[in-house]
Amino acid sequence: MKYPLLRWQLATRSVFLWLVLLLPATELYAQNHPFGLADLGKLTGLSDPQFAPDGKTIALVKSTPDYDENRFFTSLVLVTVANGQQRVLAERRISLSQPRWSPNGQQLAYLARTGAGKDASAQLFVQALAGGEPRQLTTARKGVQHYAWRPDGSALAFVTADEPANLAGPPEKGYDAFEVGNNDLFLTTAPTPSHIWLVPAGGGDARRLTAGAWSLPVTIPPGAPSSPLSWRPDGQQLAFVRVPTPYSGDGRERSVQLLNVADGSIKPLTGRTAMEGYPAFSPDGTQVAYWYPQNGTTVNINEVWVAPAAGGEGRNLTPALDRDVFRAIWMPDGKSLLLGALDGDRTSLWLQPLKGGKARKLALGAASPAWSFWVDAGVSRQGAIAFVGSDPGRPAELYYLASATAAPKRLTDFNHDVQALQLGKAETLSWQSDGMRNDGQLTYPANYVPGKLYPLVLVIHGGPTAASVATFSSLAQLFAGRGYFVFEPNYRGSDNLGNAYKSAIFKDAGAGPGRDVMAGLAQIKRSGLIDSTRIGVSGWSYGGYMTTWLIGHYPQSWKAAVAGAAVTDWFDQYNFGDANVQRGVSMGGSPWLGAEQAQSYRDQSPISAAGQIRTPTLILANTGDPRVPITQSYKLYHALKDNGVTTRFIAWPVPAHNASDPVRQRERNRYWLEWMDQYLQPTGQAPATPRSGSN
C-alpha cells in the first residue's frame, strides 16, 4: 500500500466528519453558541498602548474578570511589533494602569493599587525589563493620580491630593465640619487640592513642586483621564492644568499653566481662565498643543489649538475638521499631530498638518479605535501608530500601523473565543429628522431567520456627548443572543456628526432628540424586520433620560422600559451632581435666575410627564452615584407607583456612576435582559438566566 499515513489521515478525517454530523444539536450549540452572560467572563479588556523608545515593542494593559474574587485583574503585557509575541511583565495586579517607558527603554513605570479596602491606593512602581521585583517609588496617602517621566530619566513628576488639614481637632471628637461648595450630593469631607511632586527614579524622598488652595483637576469616571502632565524636552518646565478649587463643579475654570521646575514659578500659557485642557509640548519644546471648545463652551465640539511655549493663545489648528476631538498626539517630526474623534459610524484618526492644510483621515479598515471620552492610541518616536480597536464582530485587539500611510496590522488575538461565537451581525442605519441626518447601529438576532419577525430593544447611549458606532457591544450581543434586534440610535447632541449636530441640543434636551429617535424607529418598523407590538426602550445615564422622556411622551410605543441612572429632573442634576453648575450651560444657565428659566428646566425634565407613563419600567441605579444622584430615580419610582404603573427599583451600594466590578456589571445586565424577556418574549421563549450567569 502506497502512502499508508495519508490513507489513515483521510479515513480519520471522514470518521470525524461523520461524528460531527451525528452530534446532538445541543452539543453543536455548545461549540458555537450565541453570546450569553457566561461569556462575559471570556472578554479581555485592553488599554493604553505605549511604544518602547526603539519602536519595536508595545506595552499595554490587559484586564480580565475574576467572578470568584469579584474584581478585574490587570496585567502589563509587552507585544513585539515584528511578530506579535507577548511577554507578561506584571501579572494579576489590582488596577494596574498608565504604563510608561523610561526614556532609555530599560524600565517601565506604572500605577497599581496597594493595600486593601478603604486603605487601598494607587502608587507608582518602576519595573526593570531585565527582571527582578518592581520598585515602589511612592507612598502617597491619597494615592497617585498620574505621572510623567522626566526626559532624562532621572525622576518622575506625579500628582497626588493633599492630606486634609486638621484645623480644630480630631474628627473622631466631632471636629468634622467642612465647607460645602460646588460638588456632588455625597460629599462627606472637603476635597483637598491635588499638586505636583517630583520623585527620583532610583527611589528616595519626593519633593513638592506646587502648593496652594488651587488644584490640578481630577476627573471622576466616566470621562477623559485627568489632564496629563507634559514635560518640555529639556526637562526644565512642566505643562499642566490648573483649576481654582478642588470642588468638581468649579472644573469649568481650567487653564493651561507652565511650571518652572527649578524655582517653582508658574505662568499661564494663554491668559484664558476657562475651558482649556490637555496641554502637550511639541518635540522641540517651542510649542504647546491644547484642547479648547469652540467659542469656549462645552455645548460645542473640542478643538485643538497650538500656542508658542513663550505664551499666547496661538491658533486653532482644527477649524475645518468639525469633529469633537478627544486625543491630540504630536508626531515625532513636530510637523503634525495625530487626532482622534468619533466620526459618523466609527472612531477615526487624522493627521493634522501644523502649517495649515486639511486633516488627512487614516485608513484603518474595519477596526475602530476605542473611545471613552479619550481615543486609545499611541505614537512611536519613529512615527508608527498603535491603537486598541474593535468592530461589531470582534472585541478589542491591538492594531499597528508602521506609518500614517500604512495599512493596519492586528497584533493580538486575546478575544478569539468571543469572536468565534455566533454573534449578531450589525449594520449602520441613516435617517432624516427635522432636516437633520441621524445615524445609529442595528444589530440582528444571532440566530436570525429571514422572514421571521423579532422583538426590538432600543439601547440608547449616554453622554449625550458620545455616540453609538460600529464597535463590539457586549450588551447588544447579549440581546442578540436572546433573539432580539437591537437599535442603538444617535440623536442630536451626539458628537459624531459635527458641531451643528452636537450643539442642536442646547435648551432642547428631550423633545428634539426624542423626535430623532422616533424617526429612526419608524424607519425600522417600515423595514418589516420586527414585530412592532414588541418594542422595548432602555438606556443608562443620558440614555436613561431619553428612555424616561420617550415613555412619557410616546406612551403607546413601548411594551417595556429600563431606565438606568436616569436623569429625570434637571433641578436635581444642577444642584446635586458632581459637575452641577457646569451642567447649566446646556440649559441656558441657572434655574434660579427667574421664573422663565425655572420653567424651562421643568419642561425639559422627563419627570414632568411621568403621569403619562404606562410602560412597565425597571429602574436601576447606584446609591452613591455622584454623576446622576439617585434622588432622580426615587422620584420616577414614586411617580410610577402612585399612578399604578408596573415598576421595580433595583439599586447597588456603589459610590460611582457605573459599577467597576464584574459581578455587579453582570447582575445589571441580567436584570436588564430579564425585564425585557418578561414583556417582549412569548411565554416560555425567553432563555433562562440563573444568578450564576451560566447559559
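Just so it is clear, the values below take in all heavy atoms, side chains as well, and ignore hydrogens, waters and symmetry mates.
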What do the steps show when you test Ile650 against Leu620 for side chain to side chain contact (heavy atoms under 4.5 Å, CB included), and what is the final call? CA-CA 5 Å; Ile650 306 296; Leu620 303 175; 3.7 Å; yes
Ser97 and Thr74: side chain to side chain contact (heavy atoms under 4.5 Å, CB included), yes or no, with the steps? CA-CA 8 Å; Ser97 66; Thr74 45; over 6 Å; no
Could you go through Ser474 and Leu43, starting from their C-alpha distance and side-chain angles, then the distance that decides it, and tell me whether this counts as side chain to side chain contact (heavy atoms under 4.5 Å, CB included)? CA-CA 9 Å; Ser474 59; Leu43 282 170; 4.1 Å; yes
Ile460 and Tyr491: side chain to side chain contact (heavy atoms under 4.5 Å, CB included), yes or no, with the steps? CA-CA 9 Å; Ile460 307 176; Tyr491 48 88; 3.6 Å; yes
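Legend: residues meeting side chain to side chain donor-acceptor pair (under 3.5 Å) with Gln523, ordered by chain and number and at least two apart, are absent. Arg668 meets the side chain to side chain donor-acceptor pair (under 3.5 Å) test with no other residue; sequence neighbours excluded. In this structure, the ring-ring contact (aromatic ring centres under 6.0 Å, His included) partners of Tyr637, at least two apart in sequence or on a different chain, are Phe649. Residues satisfying the side chain to side chain donor-acceptor pair (under 3.5 Å) test with Gln573, not counting sequence neighbours, are Gln632. With sequence neighbours left out, Asp531 forms a side chain to side chain donor-acceptor pair (under 3.5 Å) with Thr533, Arg534. Residues meeting the side chain to side chain contact (heavy atoms under 4.5 Å, CB included) test with Lys525, sequence neighbours left out: Leu521, Ile530, Ser532, Ile535. With sequence neighbours excluded, no residue satisfies ring-ring contact (aromatic ring centres under 6.0 Å, His included) with His146. Judged as a ring-ring contact (aromatic ring centres under 6.0 Å, His included), and not counting sequence neighbours, Trp558 has no contacts. Under the side chain to side chain contact (heavy atoms under 4.5 Å, CB included) criterion, Glu427 pairs with Leu429, Leu442, Tyr444, sequence neighbours left out. For Ser372, there are no side chain to side chain contact (heavy atoms under 4.5 Å, CB included) partners, not counting sequence neighbours.
Relative to the six-membered ring of Phe73, Arg92 meets both conditions, a distance below 6.0 Å and an angle of at most 45° to the axis.
In terms of heavy-atom proximity, Pro49 sits nearest to Asp376 at CD-OD1, 3.5 Å. Annotation for Pro369 and Val375: closest pair CB-CG1, 4.0 Å, computed over non-hydrogen atoms. Of all the heavy atoms in Phe487 and Ile524, the pair that sits closest is CG-CD1, 3.4 Å. Residue Val388 comes nearest to Ala396 through the heavy atom pair CG1-CB, 3.8 Å, listed as atom of the first residue, atom of the second, then distance. Closest approach of Asp495 and Ala467 over heavy atoms only: OD1-N, 4.2 Å.
Remark: the Ser390 side chain and the Glu397 side chain contain no N/O donor-acceptor pair separated by less than 3.5 Å. For Thr298 and Gln582, the side-chain atoms include no donor-acceptor pair closer than 3.5 Å. Asn496 and Tyr501 form no side-chain donor-acceptor contact under 3.5 Å, judged by distance and modelled atom types alone.
Not one N or O on the side chain of Thr347 forms a donor-acceptor pair closer than 3.5 Å with the backbone of Ala370. Looking at Asn32, its side chain does come within 3.5 Å of a backbone N or O of Gln422 through a donor-acceptor pair. Remark: the backbone N or O of Ala566 is not paired with any side-chain donor or acceptor of Thr568 at under 3.5 angstrom. Side-chain atoms of Gln145 do not come within 3.5 Å of backbone N or O of Thr219 as any donor-acceptor pair. Formation of a donor-acceptor pair under 3.5 Å by the Asn580 side chain with backbone atoms of Asn183 is found in this model. Proximity of a side-chain donor or acceptor of Glu488 to a complementary backbone N or O of Val469 within less than 3.5 Å is not detected. Judged by distance alone, the side chain of Gln477 and the main-chain N or O of Gly424 form a donor-acceptor pair under 3.5 Å. Proximity of a side-chain donor or acceptor of Arg327 to a complementary backbone N or O of Ala377 within less than 3.5 Å is detected. The closest donor-acceptor contact from the side chain of Asn622 to the backbone of Pro655 lies at 3.5 Å or more, if one exists at all. Although no hydrogens or angles enter the test, the distance criterion places a donor-acceptor pair under 3.5 Å between the side chain of Thr412 and the main chain of Leu398.
Atom CG of Leu680 is separated from atom CG of Leu673 by 11.0 Å, given to the nearest 0.5 angstrom. Atom OH in Tyr574 sits 11.5 Å away from atom CE in Met587 (nearest 0.5 Å). Taking CG of Asp48 as the start and CG of Leu76 as the end, the distance is 10.0 Å to the nearest 0.5 Å. How far OG1 of Thr471 is from CZ of Arg346: 10.0 Å, rounded to the nearest 0.5 Å. Rounded to the nearest 0.5 Å, atoms NZ (Lys559) and CD (Gln681) are 12.5 Å apart. The line from CD1 of Ile630 to CG of Asp625 is 8.0 Å long, rounded to the nearest 0.5 Å.
Side-chain contact check for Gln98 versus Tyr110: every heavy-atom pair is 4.5 Å or farther apart. With contacts defined as side-chain heavy-atom distances shorter than 4.5 Å, the pair Asn669/Leu475 qualifies. In this structure, Ser121 and Thr114 have side chains that are in contact, with non-hydrogen atoms separated by less than 4.5 Å. Using a 4.5 Å heavy-atom cutoff, the side chains of Leu40 and Tyr67 are in contact. Proximity of Gln678 to Pro616: side-chain heavy atoms (C-beta onward) are nowhere separated by under 4.5 Å. For the pair Arg482 and Met676, the minimum side-chain heavy-atom distance is 4.5 Å or more.
Note: His638 and Tyr634 have parallel aromatic rings, judged against thresholds of 30 and 60 degrees for the angle between ring planes.
A distance of 6.0 Å or more separates the ring centres of Trp675 and Tyr671.
Pairs of residues two or more places apart, or lying in two chains, that qualify as salt bridge (Lys or Arg N to Asp or Glu O under 4.0 Å) and include a residue from residues 630-639 are Asp569-Lys635, Asp572-Lys635.
A salt bridge links Glu667 with Arg670: at least one charged nitrogen is closer than 4.0 Å to a carboxylate oxygen. For the pair Asp578 and Arg627, the salt-bridge criterion is met [side-chain N within less than 4.0 Å of a carboxylate O].
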Distance-only donor-acceptor pairs under 3.5 Å for side chains of residues 536-543, two or more places apart:
residue : atom : partner : partner atom : Å
Ser538  : OG   : Leu458  : O            : 2.7
Ser538  : OG   : Trp672  : NE1          : 3.0
Trp540  : NE1  : His657  : O            : 3.2
Trp540  : NE1  : Asn658  : OD1          : 2.8
Ser541  : OG   : His657  : NE2          : 2.9
Tyr542  : OH   : Ala509  : O            : 2.8

